[in-house]
J.: 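Quick one: the structure is below, and I'll ask about it shortly.
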Amino acid sequence: MEFSIKQGSPEKLHSGCAVVGVFEGGKLSGAAQALDRASKHHLGGILARGDMSGKPASTLLLHNVPGIAAERVLLVGLGNPKEATDKSALEILRATFRALQATQTKDAALFCCGDLGRDAVWAAKQAVLVAAETAYRPDSQKSKPEKPGQLKSVALVTPDKPAAALKAALDQAAAIARGMGLTKTLGNLPPNICTPTYLAAQARALAKAHKTIETTVLEEKDMQKLGMGSLLSVTSGSAQPAKLITLEYGGGGKKQKPVVLVGKGITFDSGGISLKPGAEMDEMKYDMSGAGSVLGVLQAVAEMKLPLNVVGVIPACENLPSGTATKPGDIVTSMSGQTIEILNTDAEGRLILCDALTYAAKFDPDVVVDIATLTGACVIALGHVTSGLLSNRDDLAKELLAAGEQVYDRAWQLPLYEEYQPQLDSNFADMQNIGGRAGGTITSPPPASCRASPRITAGRTSTSPAPPGNPAKKKAQPGGPCRC
Ligand code: ZN
Ligand code: MN
């Protein structure tokens, strides 16, 4: 979908559909008033019949409005602008694009972005993101995918000459929307297609499409040489080869320390020998959403040509039971040289991420952001509304929380106090991989070796409702409902 900024009067601008707002109580916005005058009060007559009250996110599509250039008019309820919030503005935009995509119009002119009671740049960015979100269909595997909507181009019409900031916001939002699309598509693909090898191919494709990205893929034998015993213990039950994927984007100077993004890439999490219950196990294909996010971000960063160095590190494998699978009670040695007693094979995310984080140190990062569906306990704590965020650097945590508020994709910080550490004490190894039900998310980030490094762990809430827990060893209480 193409986005542009236009100037023009509502009644004269040619388009398939002019979108204008109506405030609470049926009060017409400025652009709607212009259409009303040009059409000899056609709009006023419709409002008088009571079909559009201006209730937020209500819509009414009008055909054959006389005296205007647009083929259709979409009236959108804006509510009371004094009570507008980010949430209500987004609901209005969603209703707008759903209504547009239900028509056969190929293009639309939005006159309502300035009436949302929000900053113009924010509204423009969100319009692009919402347009992509409402057009997205997870049907790539249907033999006859649903026909994509007809809407191909959207103009945001502003009364004033558009500022450069607004144009830049549109381009950035379009790149972000395409990155989010890639992330969603990877997440929705079935686990027999979206394997670790498939993720590696995606990373290579990004390098092919963008000269600024270089992709490296380590195989299991390379990981063995590096001593990644923790990561390899998770893949040992699977026939699919594990991959450690690295994408390096060089948009900054040679001396600039990179931002390293680490993404959990479990392409299917059965729980392993600590098998999950069968209900909703299909959703465990989403356990690679951290990896999908890293790929989406790298693509967006390259498209935006950000003047930064950004590295993506993706440990990718399956977690399956078999005769060669890791057993509860096994002790493995991580790349950092520490031994880990695996009490529950379903707590595997931390086992792959700890080796990926140790590996990430070789890039001498400025910051590390770790993105993972880690853990079901996070959903129990925060529900499906917000992501959990854990960090050993408060300044960075504040920046990420603020960024989340800015784009209305919010996170909530959980503590990482030292007092939680003893929950991971093991009788037989340097640590164990589960810390009990209490504070199950807080004890899930890869511990100890990584604590000293400059990093932040953003634990995305799992997409699935948490199934009941597997009984773990008595001395270690079960580590929350779903360990991931
Ligand atoms: Zn998992
Ligand atoms: Mn798991």
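Along the sequence shown, residues are numbered consecutively beginning with 1. For ligands, and for the atoms within them, numbers begin at 1 and follow the listed sequence.
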J.: So, Glu220 and Lys225, do they make that salt bridge, N to O below 4.0 Å?
T.: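 Looking at Lys225 together with Glu220, the answer is no, because their closest N to O distance does not fall below 4.0 Å.
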J.: For the Mn ion (ligand 2), what is the closest N, O or S atom on Glu348?
T.: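 Relative to the Mn ion (ligand 2), the closest nitrogen, oxygen or sulfur of Glu348 carries the name OE1.
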J.: Which N/O/S atom belongs to Asp287 and is the closest one to the Zn ion (ligand 1)?
T.: OD2
J.: Between the Mn ion (ligand 2) and Asp287, is there an N, O or S atom separated by less than 2.8 Å?
T.: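 Checking Asp287: none of its N, O or S atoms is under 2.8 Å.
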J.: Against the six-membered ring of Tyr136, is Lys184 placed for a cation-pi contact (under 6.0 Å from the centre, within 45° of the normal)?
T.: yes
J.: Which of the N/O/S atoms in Asp269 sits closest to the Mn ion (ligand 2)?
T.: OD2
J.: If you stand at the Zn ion (ligand 1) and look out to OD2 of Asp269 and NZ of Lys264, what angle do those two lines make, to 10°?
T.: 180°
J.: Check the pair Tyr286, Asp269 against side chain to side chain donor-acceptor pair (under 3.5 Å), reporting the backbone distance first and the verdict last.
T.: CA-CA 9 Å; Tyr286 292 117; Asp269 182 13; over 6 Å; no
J.: Can you say whether the rings of Tyr417 and Tyr420 are parallel (under 30°), tilted (30 to 60°) or perpendicular (over 60°)?
T.: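 The arrangement is parallel - the two ring planes meet at less than 30°.
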J.: Between Arg410 and Glu405, is there a side-chain N and carboxylate O pair less than 4.0 Å apart?
T.: no
J.: Has Glu348 got an N, O or S atom lying less than 2.8 Å from the Zn ion (ligand 1)?
T.: yes
